[in-house]
Number of protein chains: 4
Amino acid sequence: MTKKPTKAASSSADRAKGRADATQGIDDAAPASNRALRAQERRAAIVEAAMEEFIARGFAATRLDDIAKRAGVAKGTIYLHFKDKESMFEELVRIVIVPVVARLNALPPPTGTVRELVEAFAGNFLKEVIGTRRGDLVRLIVAEGPRFPSVADFYYREVVSRGIAGMRALIELGIARGEIREKDLARFPQILVAPAMIAVIWQSLFARHAPLDAQEMLRVHLDLIFGERRTT
Amino acid sequence: MTKKPTKAASSSADRAKGRADATQGIDDAAPASNRALRAQERRAAIVEAAMEEFIARGFAATRLDDIAKRAGVAKGTIYLHFKDKESMFEELVRIVIVPVVARLNALPPPTGTVRELVEAFAGNFLKEVIGTRRGDLVRLIVAEGPRFPSVADFYYREVVSRGIAGMRALIELGIARGEIREKDLARFPQILVAPAMIAVIWQSLFARHAPLDAQEMLRVHLDLIFGERRTT
Amino acid sequence: MTKKPTKAASSSADRAKGRADATQGIDDAAPASNRALRAQERRAAIVEAAMEEFIARGFAATRLDDIAKRAGVAKGTIYLHFKDKESMFEELVRIVIVPVVARLNALPPPTGTVRELVEAFAGNFLKEVIGTRRGDLVRLIVAEGPRFPSVADFYYREVVSRGIAGMRALIELGIARGEIREKDLARFPQILVAPAMIAVIWQSLFARHAPLDAQEMLRVHLDLIFGERRTT
Amino acid sequence: MTKKPTKAASSSADRAKGRADATQGIDDAAPASNRALRAQERRAAIVEAAMEEFIARGFAATRLDDIAKRAGVAKGTIYLHFKDKESMFEELVRIVIVPVVARLNALPPPTGTVRELVEAFAGNFLKEVIGTRRGDLVRLIVAEGPRFPSVADFYYREVVSRGIAGMRALIELGIARGEIREKDLARFPQILVAPAMIAVIWQSLFARHAPLDAQEMLRVHLDLIFGERRTT
DNA sequence: TATGAATGAGAGTTCATTCAT
DNA sequence: TATGAATGAACTCTCATTCAT
């Protein structure tokens, strides 16, 4: 997790870093960094617990008491790391999303056909997002976005706009290579990812009633775009 | 005294008024139905107000005080119509959704090509859902669904499953008539509506950053499915 | 008590007044005004209780819980009458001081010598302020004034400046009549009341260690100003 | 290691520094006294900081965190010097008041007329108390006295009773020498200092609205007691 | 000796729900 | 039937105090 300390946590975090560097290689540095380490662990535990609770209950219905209990810390400890409930929520989303963005930026080497690229990407999405905590996060953002414009903004800026741009590039490549016939698709990359989004939402709302084979659905959707796959 | 009409806010209010007009002139009925009439109006006002507030703030953050104020009734009056906040929310969604279902059932006469049918449907959806209160309702259900399984269930049963079934029928018709080539599409009617759903969500979260021309997007999507439209 | 209702309390207070006027003389007005009456009583009880607690503990150390308990109401009821703890304190001082000012304005008929007037005034002060709740209020204002400028301002405007002006008028009359020799006294009416203030503070802090005969002290002070009294 | 010096904050700090310079060069004493020295300095800093904060906010509203920050020590360090917040406050007042008493005891040689003595005293009071931190301390004691009887007791015993006794002695001298005519004044020395006290309070509460020329007021008051001064 | 992260009791405030009118 | 004052449980946030380092 890339350090992005709260004001409250910054001093200890910074100092910890400094000290660790200074005592690099010296055994008895352990106790010094133990403190910082424990602080990091606590912070991580709070983030983890808060995420679970926010996803399970939404922002307003989540009790800080429950987050504390789940994280195994005292109520007051939360306030050593976050200013208040609101900014905790906002920061949380950032904290959880940043590594996602990082991974998106670590582009896979563009080899093979565009369809293969998109399939690889979709496969990854299936595994890592649909039906997972990460998927619930998406639903959380959809749910709370209007009340937390800064969260929606952040999510748009960091994830959506980049994702859209990436998709558009892929689509244009596909068009240039003749893999995609529908030229206007480049104007609406949302169409490419729409079924994936629907799958995310479907899983958390309706999976009970009618399980959805997301993988198959994506395949069909890609057939629509790239033309039917020959007999594999 | 119909205590719990399964009619939507507006329509029930309108009908109630109509009835009052109809019974005009019957002396001993007038005062009695006046009472009922007023009760109906109040109830409708509460439903309307509650919907606005729930959409704007979500379930937990909505105050009954605000609903009462907006509806122009006293706080206690709400409890004459609904058991408590939770069951009010659950009932509310039902009340608002029922007329939607009713309209869906009043199928438009299936004339013309399948594409024309779907386009008509999509056009209606564009006008009546995307960027409207009704669209926000969809987002509200996505947001609160996990905490209100009964709401999600109801929505699935009354709207989603029927909608899916209807789409499937259309798709099969399209396949039979040769308008749709991708045969597997019938297995995932979700693909047909996915961009529409995405448009709904996009409007309430990201319209500010990047307005989305939903109409055009739907057209492109239909081109994908039905093959490109010739020059008009 | 001149009605000066809080925003929260205003509606009920106003309506109560209106209704009371409307139903003047009609017996069954009782139940209607009972409500308003009870509300007034509650409000008065809160004011009374809050005053006691604030005097006993100061602003910061006073618990709303204790005020509620002492007033015999629920904690939430306080918020029907006052916006929050701070504005409750500020309003409280106003509420308690207003009748004091009213009484000051109801000037006693200026008969007899200036010394007699001043003695009458001092006698009243002795009876009504020194060693009473009212005296404690003065100490409370001294204590909290710097943290509640609005309170200090109000007290200065309504009580201190008027009191000073009144004293100055009396002193000038005394000088004109030849009862007071020290002409510069009119420039510092504070001197006239200083021992009275000291007596107020003394009673609440040191009475235990060394009781102070305030009456005698004031007499000696007046002798200083008016010259020794002959053997009456 | 003198644990609880009975010296005032500032003076002890200054003196401590002086001592450190004096013991410079004694090898094995240096580190030991360095420790004690640092401790003394810290303690003095805490006392100073605490005084400022208590005066500015009162006892209950003062945060130990702020005291620590202002003193440049960690929160925990305070507890190495004081048992808890309450006893810190009580001790503090003692620490700050002791040097005042000491100075009072170092009586100036009684030369000249009584009026001159009193004027010298009043002049000193004007300079050192009215409108200064020391004056605020008086207000603090008035404010917190009822909640800290031990503070009020201490202040009475060490300052008030001695001051009263001293004033009485002066007054009696004045009467004996014929400078003061009003014999009963000796029974109420409070009258002599009352305007000075009023000036202290006035400065911190009302100076903004109506500045008070304390020096002139005291002069007028002394004229009242000693008779008008001739044209110097 | 000094630190400051951690604690958790306790404070102010809100708001769903009740009930006398 | 309708009201809205009253309730008090429950929530967020603060801060004196402790203790491992």
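Below, chains carry the letters A, B, ... as their sequence lines are ordered, and counting in each starts from 1.
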>> Ignoring hydrogens, what is the shortest heavy-atom contact between C:T62 and C:K85? Give both atom names and the distance.
In response: O-NZ, 2.9 Å

> Can you find a side chain N or O atom of A:R42 that sits less than 4.0 Å from OP1 or OP2 on E:dA6?
Replying inline: yes

>> Output the rounded distance in Å from CD1 (C:I78) to C1' (E:dA11).
In response: 13 Å

>> Let me spell it out: for each of C:A60 and A:V73, pick the nucleotide of DNA chain E with the closest heavy atom. Which residue's pick is nearer the 5' end?
In response: A:V73

> So, does B:R147 use its side chain to make a donor-acceptor pair with the main chain of A:R57 at under 3.5 Å?
Replying inline: yes

>> Using whole Å, what does the distance between atom P of nucleotide E:dG12 and atom CE of C:M88 come to?
In response: 8 Å

>> If we ignore hydrogens and angles and just use 3.5 Å, is the side chain of B:E91 paired with the main-chain N or O of B:F82 as donor and acceptor?
In response: no

>> Less than 4.0 angstrom between a side-chain N/O of B:K85 and OP1 or OP2 of E:dA16, yes or no?
In response: yes

>> Expressed as a whole number of angstroms, how long is the span from A:H81:NE2 to E:dA5:P?
In response: 9 Å

> Is D:K75 side chain donor-acceptor paired with the F:dT17 base, going by distance under 3.5 Å alone?
Replying inline: yes

> Under a 3.5 Å cut-off for both distances, is E:dA20 Watson-Crick or wobble paired, and to whom?
Replying inline: F:dT3

> To the nearest Å, how far apart are C:L64 CG and E:dG10 C1'?
Replying inline: 12 Å

>> What is the separation between atom CZ on A:F82 and atom C1' on F:dT14, rounded to the nearest whole Å?
In response: 18 Å

> Does the side-chain contact (heavy atoms from CB on, under 4.5 Å) test come out yes or no for A:H81 and A:V47, once each step is laid out?
Replying inline: CA-CA 10 Å; A:H81 295 272; A:V47 168; over 6 Å; no

> Pick the nucleotide of DNA chain F nearest each of A:D84 and D:D65; which residue has the one closer to the 5' end?
Replying inline: A:D84

> Among E:dT17, F:dA6, E:dT13, which nucleotide sits nearest the side chain of C:L80?
Replying inline: F:dA6

> Please give, in whole Å, the distance from F:dT12 P to A:R63 CZ?
Replying inline: 8 Å

> To the side chain of C:A39, which of E:dA16, E:dT13, F:dA6 is closest?
Replying inline: F:dA6

> Between D:G72 and A:G76, which is nearer to the 5' end of DNA chain E once each is assigned its nearest nucleotide?
Replying inline: D:G72

>> Please report the distance, rounded to the nearest Å, between CZ in C:R38 and C1' in F:dG4.
In response: 14 Å

>> So does D:F59 get a backbone contact from the side chain of D:E144, meaning a donor-acceptor N/O pair under 3.5 Å?
In response: yes

>> Using whole Å, what does the distance between atom P of nucleotide E:dG10 and atom CZ of C:R57 come to?
In response: 14 Å

>> I want to confirm an ordering. Mapping B:T77 and D:T62 to their closest nucleotides on DNA chain F, which one lands closer to the 5' end?
In response: B:T77

